[in-house]
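Structure first, then comments.
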Amino acid sequence: MSTAFRGGPAEPAHASAGREPVLEIRDLTVAYGAGADAVTAVHGVDLTLHRGEVLGLAGESGSGKSTLVYGATRLLPPPGVVAGGQVLYHRRGEEPIDVLRLSDAELRAFRWNEASVVFQGAMNSLNPVERVLGQFDDALRAHRPGSTRAERRQRAADLLRLVGINPERLSSYPHQLSGGMRQRVMIAMALALEPDVVVMDEPTTALDVVMQRHILRQLRSLRDRFGFAVVFVTHDLSLLVEFADRIAVMYGGRLVEQADARDLYLTPRHPYSHGLLNSFPSLRGEVRELTGIPGSPPDLRRPPSGCVLHPRCAHAMKVCAAHRPPLATAPVDAGRDREVACWLHHPTAAAPAHLVSGPATTGPALPTAQTTDGVS
Ligand code: ATP
Ligand code: SF4
C-alpha cells in the first residue's frame with residue numbers, strides 16, 4: 001500500500017453522519033462590484049453541512065447557488081467579493097478555522113486536502129493534450145510532494161477503479177473518453193486527497209438523465225464508503241430528492257427553505273419549493289402536469305420589497321410586499337430540522353390578523369402531501 005496516501009475506506013458515513021458540523025456558513029453576504037453599482041447576490045446565508053451528509057442546494061438559474069459555494073470556498077472570480085460572514089471548517093478534535101481568514105498558503109493546503117470543488121462544466125476542463133495519468137500525477141505531486149511516481153500511479157489507478165473506470169484508461173486522452181467517463185474522472189480527482197468536503201456545482205447537467213443518475217448513485221456509494229460530505233448544486237430539484245439527505249432551496253440570493261430531502265419532497269412548505277418540484281418530471285414518480293413557476297427571477301439590482309418572491313407568488317398577502325419573512329421553524333415542524341422563510345408558515349402567522357389583512361391568498365391551497373414514489 002502507498003505510504004503517501006491513506007487509502008482504504010474510512011469509517012462508514014452513516015456511523016458519523018450524526019449532527020456533527022463539518023462546514024458552517026454563517027451570515028455570508030456576497031456582492032459583485034462595489035459602491036452604488038454593487039449587486040448583492042447572496043444575502044446573509046446561514047447553512048451547515050454535517051459530516052458525511054449529501055446536502056443539495058437548489059434554485060433557478062441566478063438564485064445565487066454558485067456565488068454562495070464559490071464565496072464560501074474563496075473561489076469567487078472578480079468582481080465578486082465576500083462582504084461579510086464566516087465559513088467555519090471543523091477539523092476533527094480541533095477548534096474550527098474560518099476559511100475566509102486563511103492565508104494564501106493555508107488556503108492552498110485547505111483546498112483538495114480538506115475541501116475539493118468540481119466546477120460547472122468541469123468535464124471539459126481536463127487538459128485535452130494530457131493523458132489521464134498525467135492529470136492525476138500533476139494534482140497528486142503538488143499536494144503530496146513526498147510521494148513517488150509509482151505511488152502516484154497506483155493511487156490514480158485505485159481512484160479510477162473507485163469510480164468504475166478501468167485503470168487502462170490512465171493512458172487515454174480526454175477526447176477518447178465519453179462525457180460520463182470524463183465526469184467520473186473529475187469526481188475521482190476531487191476525491192484524490194480524501195477531503196472531508198466535496199463541493200459539486202452542476203457537475204452532471206451536460207449528461208443525459210440516465211448517466212446523471214448513474215453518477216449520483218456512484219457518488220452516494222463512495223460517500224457511504226469514505227464518509228466525506230457533499231454539497232451538490234443543481235437547478236434540478238428532482239435529482240436532489242433522489243440523492244440528497246438534506247436540501248436547501250435558494251431564491252433571490254437567500255435561503256427560502258431547508259429540510260430533510262424526504263420532508264421537502266412530501267410536504268414542500270415554501271411556495272417556491274413547491275413550484276420547483278413541479279418544474280421537473282420525476283423518472284419514477286407518477287405522471288403529473290408540470291406547472292413550474294410563473295414569471296422570472298428578480299433583477300438583483302432592483303429586488304422586490306419584502307418577500308422577494310411576492311410578484312410571482314400565488315399566495316402573496318399584503319404583508320409579503322412590506323416585510324421580508326425570516327427563515328424560521330414553522331409551528332407544525334417544531335422539533336424538526338426544517339426552516340422556511342414564508343409568512344404563511346411563520347410562527348406568528350396562525351393568529352395575528354395583521355399578517356392576513358391584505359387581499360386574501362388567491363391561489364389554490366398549498367399541498368401538504370404528494371406521492372412517495374420516486375424517493376429512494
Ligand atoms: P446558475 O445556475 O445559472 O449558475 P446560480 O443560482 O448559481 O445560477 P449565480 O451564478 O450565483 O446563480 O448568480 C447569482 C446572481 O449573481 C445572478 O443573478 C447575477 O445577477 C449575479 N452575478 C453573477 N455573476 C456576476 C458577475 N460576474 N457580475 C455581476 N453580477 C453577477
Ligand atoms: Fe408567497 Fe408571501 Fe410566502 Fe413570500 S412570504 S412565499 S410572497 S406567501
Side-chain angles (χ1 to χ4, degrees), residues 1-13 15-16 22-23 51-52 73 75 89-94 97 99 102-119 122-178 180-200 203 215 218-230:
M1 187 195 288
S2 158
T3 52
F5 305 105
R6 274 184 277 155
E11 188 185 348
S16 58
V22 62
L23 199 69
R51 248 176 226 291
T73 49
L75 286 163
Y89 172 71
H90 295 254
R91 288 194 181 108
R92 282 183 199 274
E94 290 183 28
I97 53 165
V99 177
L102 294 179
S103 67
D104 288 351
E106 290 168 331
L107 193 58
R108 273 195 298 278
F110 170 75
R111 292 210 192 110
W112 289 81
N113 284 308
E114 303 191 289
S116 61
V117 180
V118 180
F119 293 97
M123 66 184 195
N124 299 319
S125 64
L126 288 167
N127 183 345
V129 295
E130 187 159 31
R131 295 177 199 271
V132 172
L133 176 60
Q135 322 229 6
F136 274 101
D137 201 63
D138 289 347
L140 294 173
R141 201 174 39 207
H143 290 271
R144 292 288 189 274
S147 60
T148 65
R149 197 176 161 77
E151 284 175 337
R152 293 193 298 271
R153 187 187 176 90
Q154 182 59 47
R155 178 72 179 153
D158 290 345
L159 286 162
L160 277 198
R161 247 184 246 112
L162 270 183
V163 295
I165 296 178
N166 188 322
E168 284 174 12
R169 290 296 192 163
L170 283 173
S171 54
S172 298
Y173 287 97
H175 73 267
Q176 295 172 315
L177 307 177
S178 67
M181 275 183 170
R182 274 183 280 154
Q183 192 51 271
R184 281 181 283 155
V185 168
M186 292 308 302
I187 292 173
M189 289 183 73
L191 301 182
L193 300 170
E194 298 166 37
D196 279 338
V197 175
V198 180
V199 177
M200 299 193 163
I215 288 179
Q218 211 160 30
L219 184 67
R220 259 188 86 108
S221 70
L222 289 170
R223 183 285 303 262
D224 291 347
R225 206 171 145 191
F226 294 101
F228 53 83
V230 181

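Contact annotation: the side chain of Val185 approaches that of Phe136 to within less than 4.5 Å [non-hydrogen atoms, C-beta and beyond]. The side-chain heavy atoms of Arg111 and Leu75, taken from C-beta on, include a pair separated by under 4.5 Å.
A pairwise comparison of heavy atoms in Arg155 and Leu191 identifies NH2-O, 3.8 Å as the closest pair. Shortest non-hydrogen contact noted between Ala192 and Leu140 is CB-CD2, 3.8 Å. Listed here is the closest heavy atom pair of Pro195 and Ala190: CG-O, 3.4 Å.
Among residues two or more places apart in sequence or in another chain, the side-chain contact (heavy atoms from CB on, under 4.5 Å) test is passed with Ile215 by Gln183, Arg184, Ile187, Thr204, Leu207, Met211.
Here the CG-CZ distance, from Leu170 to Arg153, works out to 5.5 Å after rounding to the nearest 0.5 Å. Separation of atoms OG (Ser172) and CE (Met181) is listed at 7.5 Å; rounding is to 0.5 Å. The distance from the OH atom of Tyr89 to the OG1 atom of Thr73 is 13.5 Å, given to the nearest 0.5 Å. Here the CZ-CG distance, from Phe228 to Leu222, works out to 5.0 Å after rounding to the nearest 0.5 Å. Annotation: the span from Met200 atom CE to Ser116 atom OG amounts to 7.0 Å, rounded to 0.5 Å. Here CZ of Arg51 is found 4.0 Å from CZ of Arg92. Values are rounded to the nearest 0.5 Å.
Within the structure, the salt bridge (Lys or Arg N to Asp or Glu O under 4.0 Å) test picks out the following pairs touching residues 128-143 (sequence neighbours left out): Asp137-Arg141, Asp137-Arg152, Asp138-Arg141.
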Can you give the donor-acceptor pairs under 3.5 Å from side chains of residues 159-169 to other protein atoms, not counting sequence neighbours?
from: Arg161; atom 1: NH1; to: Asp158; atom 2: OD1; distance (Å): 3.1
from: Asn166; atom 1: OD1; to: Glu168; atom 2: N; distance (Å): 2.8
from: Arg169; atom 1: NH1; to: Gln176; atom 2: O; distance (Å): 3.2

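Arg223 places no side-chain N or O within donor-acceptor distance of the main-chain N or O of Ala229, the cut-off being under 3.5 Å.
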